[in-house]
Amino acid sequence: MSKRQKGRRHRRVNRTPRPAGRARPVAPQPAVRPPAAAPQPAATPDLGRHAARTWQSLRERGASGASLDELAAAAGYQARTVLKHVTGLAGHGLAELRDDRWYARETAGAPTG
């Protein structure tokens with residue numbers, strides 16, 4: 001190695017390895033309960049939790065339906081993500097598109113939430 005090599009020069013400083021164990025013992029953490037006020041979307045066997053959350057938001061909009069932007073704001077996802085979700089929901093027969101609004105379809109095979 002020549003003295004003029006620049007790439008590895010900084011490696012000469014502080015090459016001592018760190019100790020393997022923790023520096024200080026970990027204090028036990030108190031159990032924290034999740035807030036009961038935040039309702040969780042119902043777990044469905046056919047849908048993932050994110051698609052189920054989008055579908056729950058669509059169901060809450062009722063008979064008036066929701067545009068893609070309204071649904072994205074209600075579900076908390078990007079519009080492109082919500083579009084993927086409602087397209088998948090339409091494939092399952094749980095949602096339908098009329099004009100520019102999405103509507104939840106309540107069918108006998110629909111998961112209950």
Side-chain angles (χ1 to χ4, degrees):
M1 296 185 68
S2 70
K3 292 181 178 182
R4 299 244 185 246
Q5 186 178 10
K6 295 181 180 179
R8 291 251 189 217
R9 245 205 250 169
H10 67 281
R11 296 280 178 143
R12 291 185 185 172
V13 179
N14 198 9
R15 288 186 125 183
T16 57
R18 294 184 177 179
R22 294 186 63 87
R24 54 189 162 133
V26 178
Q29 298 291 329
V32 178
R33 292 184 180 178
Q40 296 294 324
T44 59
D46 295 344
L47 304 174
R49 66 180 172 149
H50 300 292
R53 181 174 163 184
T54 302
W55 186 64
Q56 185 68 29
S57 299
L58 185 60
R59 287 181 61 204
E60 289 172 358
R61 301 298 286 188
S64 63
S67 69
L68 195 61
D69 293 330
E70 293 171 351
L71 194 55
Y77 297 122
Q78 296 286 327
R80 180 72 180 125
T81 305
V82 171
L83 180 63
K84 288 180 183 181
H85 290 168
V86 292
T87 304
L89 291 172
H92 285 270
L94 298 175
E96 63 181 336
L97 177 65
R98 287 185 246 146
D99 296 326
D100 63 341
R101 298 186 73 78
W102 286 93
Y103 297 89
R105 293 180 61 191
E106 297 294 334
T107 59
T112 57

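Arg53 places none of its side-chain heavy atoms less than 4.5 Å from the side chain of His85.
The two residues Ala75 and Ser57 come nearest to each other via the heavy atoms CA-OG, 3.6 Å. Heavy-atom minimum distance, Gly93 versus Arg105: O-CB, 3.8 Å.
Leu97 and Tyr103 end up in different hydrophobic clusters when Ile, Leu, Val, Met, Phe, Trp and Tyr side chains are linked at under 4.5 Å.
Rounding to the nearest 0.5 Å gives a distance of 10.0 Å between CG of Leu58 and CD of Glu96. Thr81 OG1 to Leu68 CG: the interatomic distance, rounded to the nearest 0.5 Å, is 10.0 Å. Considering OG1 of Thr54 and CG of Leu94, their distance stands at 12.0 Å, rounded to 0.5 Å.
Side-chain atoms of Arg101 come within 3.5 Å of backbone N or O of Gly65 as a donor-acceptor pair.
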Practice task
Mind running side-chain hydrogen bond (donor to acceptor under 3.5 Å, both in side chains) on Tyr77 and His50 for me, showing each step along the way?
Solution key: CA-CA 9 Å; Tyr77 297 122; His50 300 292; 2.8 Å; yes
